[in-house]
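Fair warning: this is a prediction, and the values are worked out from it, not measured in the lab.
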Amino acid sequence: MQKIIFIILSCFLLSACELEMSDNGKLDGNWQLRQTDTVSTGGICDMSRSYIYWAFENDLLLVRDIDNGNLKILFRFEKKGNELYIHSPHFVVTKDELTVLENDSLLSPLGIADIEDHFFFEELSNGSLVIKNESYRLHFRKY
């Protein structure tokens with residue numbers, strides 16, 4: 001009898017838990033920027049020796065530039081079909097302090113054209129990501 005009550009209570013407790021799941025699929029995870037192409041000129045910049053990383057999880061994007069004083073910028077993002085919207089950037093001051101980023105001067109070296117940016121997916125696989133906005137085509141590898 002005690003086993004039955006324990007099983008029933010366990011089922012109620014487990015059904016009361018709600019896990020938030022992401023529908024980002026292969027996008028979730030850590031990506032290293034490997035190449036930046038300038039759309040208007042066709043120029044190609046090898047970024048494979050840089051330490052610029054984009055980390056996607058749920059609806060947050062953390063962009064880090066380790067070479068630039070471990071710069072961290074936190075964005076909200078939305079993935080809709082073949083499109084990626086990033087917005088609401090915050091500069092990470094410390095692990096407990098964020099500041100709204102109002103100037104886009106820090107974003108260009110990271111492959112982001114503006115405070116609110118719109119990308120299209122050209123490739124998204126288990127190990128490779130290519131996205132394009134009006135200014136840049138960004139090539140990433142997953143690690």
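Here the side chains of Y143 and W31 are not in contact, with every heavy-atom distance at 4.5 Å or above. V130 places none of its side-chain heavy atoms less than 4.5 Å from the side chain of F119. Using a 4.5 Å heavy-atom cutoff, the side chains of E122 and K132 are in contact. A heavy-atom distance below 4.5 Å is found between the side chains of F121 and L84. Counting heavy atoms from C-beta on, the side chains of D37 and Y136 never come closer than 4.5 Å. For the pair H90/T99, no side-chain contact is recorded, criterion being any heavy-atom separation below 4.5 Å from C-beta on. With contacts defined as side-chain heavy-atom distances shorter than 4.5 Å, the pair L107/I73 qualifies. Side chains of F120 and N133 form no contact here, defined as non-hydrogen atoms less than 4.5 Å apart.
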Could you go step by step and tell me if I86 and I112 meet the side-chain contact (heavy atoms from CB on, under 4.5 Å) rule?
-> CA-CA 9 Å; I86 64 172; I112 302 169; 3.8 Å; yes
Going through the distances and angles, do Q35 and M47 end up as a side-chain contact (heavy atoms from CB on, under 4.5 Å)?
-> CA-CA 5 Å; Q35 179 179 313; M47 304 292 289; 5.5 Å; no
Going through the distances and angles, do K79 and L124 end up as a side-chain contact (heavy atoms from CB on, under 4.5 Å)?
-> CA-CA 12 Å; K79 179 182 178 272; L124 177 57; 4.2 Å; yes
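Across L98, L71, N103, L74, a single residue satisfies side chain to side chain contact (heavy atoms under 4.5 Å, CB included) together with F91, and that is L71.
Ring centers of F77 and F56: under 6.0 Å apart, within the cut-off. Ring centers of W54 and F140: under 6.0 Å apart, within the cut-off.
Taking NE2 of H139 as the reference point, atom CD1 of I131 lies at 10.5 Å (rounded to 0.5 Å). Rounded to the nearest 0.5 angstrom, K72 NZ and D65 CG are separated by 12.0 Å.
Judged purely by distance below 3.5 Å, without hydrogens or angles, the side chains of Q32 and N30 never pair a donor atom with an acceptor atom.
For R64, the salt bridge (Lys or Arg N to Asp or Glu O under 4.0 Å) test picks out no residue, with sequence neighbours left out. Taking the side chain to side chain contact (heavy atoms under 4.5 Å, CB included) definition, one finds that T94 meets it with D96, E97, sequence neighbours left out.
Cluster partners of I44 are absent, since no Ile, Leu, Val, Met, Phe, Trp or Tyr has side-chain heavy atoms less than 4.5 Å from it.
Within a 6.0 Å radius of CD in E78, other residues, nucleotides and ligands contribute more than 12 heavy atoms.
Heavy atoms only, all atoms of each residue included: N24 and N58 are closest at ND2-O, 2.6 Å.
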